[in-house]
Amino acid sequence: MSGFYSGQDGRLIIAGTTAAKVRSWSFTVNQAVLETVSLEDTDRTLIPGIRSVTGSCSLYYYQETAGGTTDTGTLLSNIITANSGSGGEQGGGTKDTVKFELKVLDGNNDRSITFYAYITSLAMTSSVGEVLSADVSFEVNGAVTGLDF
């Protein structure tokens, strides 16, 4: 298919399930470089260093059926640990990475990037006259596991 892609072509898949109501998603790849020069060199030469991938997504708080699960709930459970003890003591344990797939629909040849990431920030907003939404930031753990763009 020739042409431009738009936001309506994008999909966000969280832990294997397509997010129901996505407002947006984005990711950024940064590549550090290391110099390989010595005192007598006159030109700077470089080699690749550490790469990092970060990103964010914005979701509307939505459930298919009354009392059902939500996409935001999946992400929320991976950053906030409920207090498991009595008397108000600190509870919780180590949180796992979440599998993300950022997809662009392209007929029979969809484009996607897949990775595992830690949720680093989640902000929920509730305003009068607005749909409840959540903004999520994440950092990829290790290398991207799938790339088909």
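Just so it is clear, the structure is predicted and the values come from calculations on it, not from any experiment. Computed from heavy atoms alone, side chains included, the values below leave out hydrogens, waters and symmetry copies. All residue numbers refer to positions in the sequence shown, counting from 1.
Applying the side-chain hydrogen bond (donor to acceptor under 3.5 Å, both in side chains) definition to pairs two or more places apart or across chains, those involving residues 45-57 are Ser26-Ser56, Thr36-Thr45. Sequence neighbours left out, the pairs with a member in residues 134-149 that pass side-chain hydrogen bond (donor to acceptor under 3.5 Å, both in side chains) are Ser58-Asp135.
Taking OG of Ser112 as the reference point, atom CZ of Arg11 lies at 13.5 Å (rounded to 0.5 Å). A distance of 8.5 Å separates CH2 of Trp25 from CG of Leu12, quoted to the nearest 0.5 Å.
The six-membered or imidazole ring of Phe138 lies near that of Phe115, with a centre-to-centre distance under 6.0 Å.
Thr114 approaches Val144 most closely through the heavy-atom pair O-CG1, 3.2 Å. Scanning both residues, Gly49 and Gln31, for their nearest heavy atoms gives O-NE2, 2.9 Å. In plain terms, the two heavy atoms of Met124 and Ala134 that are nearest each other are CG-CB, 4.0 Å. Summarising the geometry of Leu102 relative to Phe27, their closest heavy-atom pair is CD1-CD2, 3.4 Å, with the distance given to 0.1 Å.
Residues passing the side-chain hydrogen bond (donor to acceptor under 3.5 Å, both in side chains) test with Glu40, sequence neighbours excluded: Ser38. Annotation: side chain to side chain contact (heavy atoms under 4.5 Å, CB included) contacts of Ile13 (sequence neighbours excluded): Thr18, Glu101, Lys103. Take Arg111 and apply the salt bridge (Lys or Arg N to Asp or Glu O under 4.0 Å) test, not counting sequence neighbours, and it matches Asp106.
By the 4.5 Å side-chain criterion applied to Ile, Leu, Val, Met, Phe, Trp and Tyr, Leu34 is assigned to a cluster that also includes Ile47. Val33 belongs to a hydrophobic cluster with Leu46, counting contacts under 4.5 Å between side-chain heavy atoms of Ile, Leu, Val, Met, Phe, Trp and Tyr, direct or through other members.
Criterion: ILVMFWY side-chain heavy atoms under 4.5 Å apart, direct or through other members. Under it, Leu132 and Val22 are part of a common hydrophobic cluster. Residues Val53 and Phe100 share a hydrophobic cluster, clusters being chains of Ile/Leu/Val/Met/Phe/Trp/Tyr side chains in contact below 4.5 Å.
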Worksheet item: Passes side-chain contact (heavy atoms from CB on, under 4.5 Å), Ile119 versus Val136? Steps please.
Response: CA-CA 7 Å; Ile119 307 299; Val136 178; 3.9 Å; yes

Item to complete: List the steps, then state whether side-chain contact (heavy atoms from CB on, under 4.5 Å) holds for Asp41 with Asp43.
Response: CA-CA 6 Å; Asp41 291 341; Asp43 295 308; over 6 Å; no

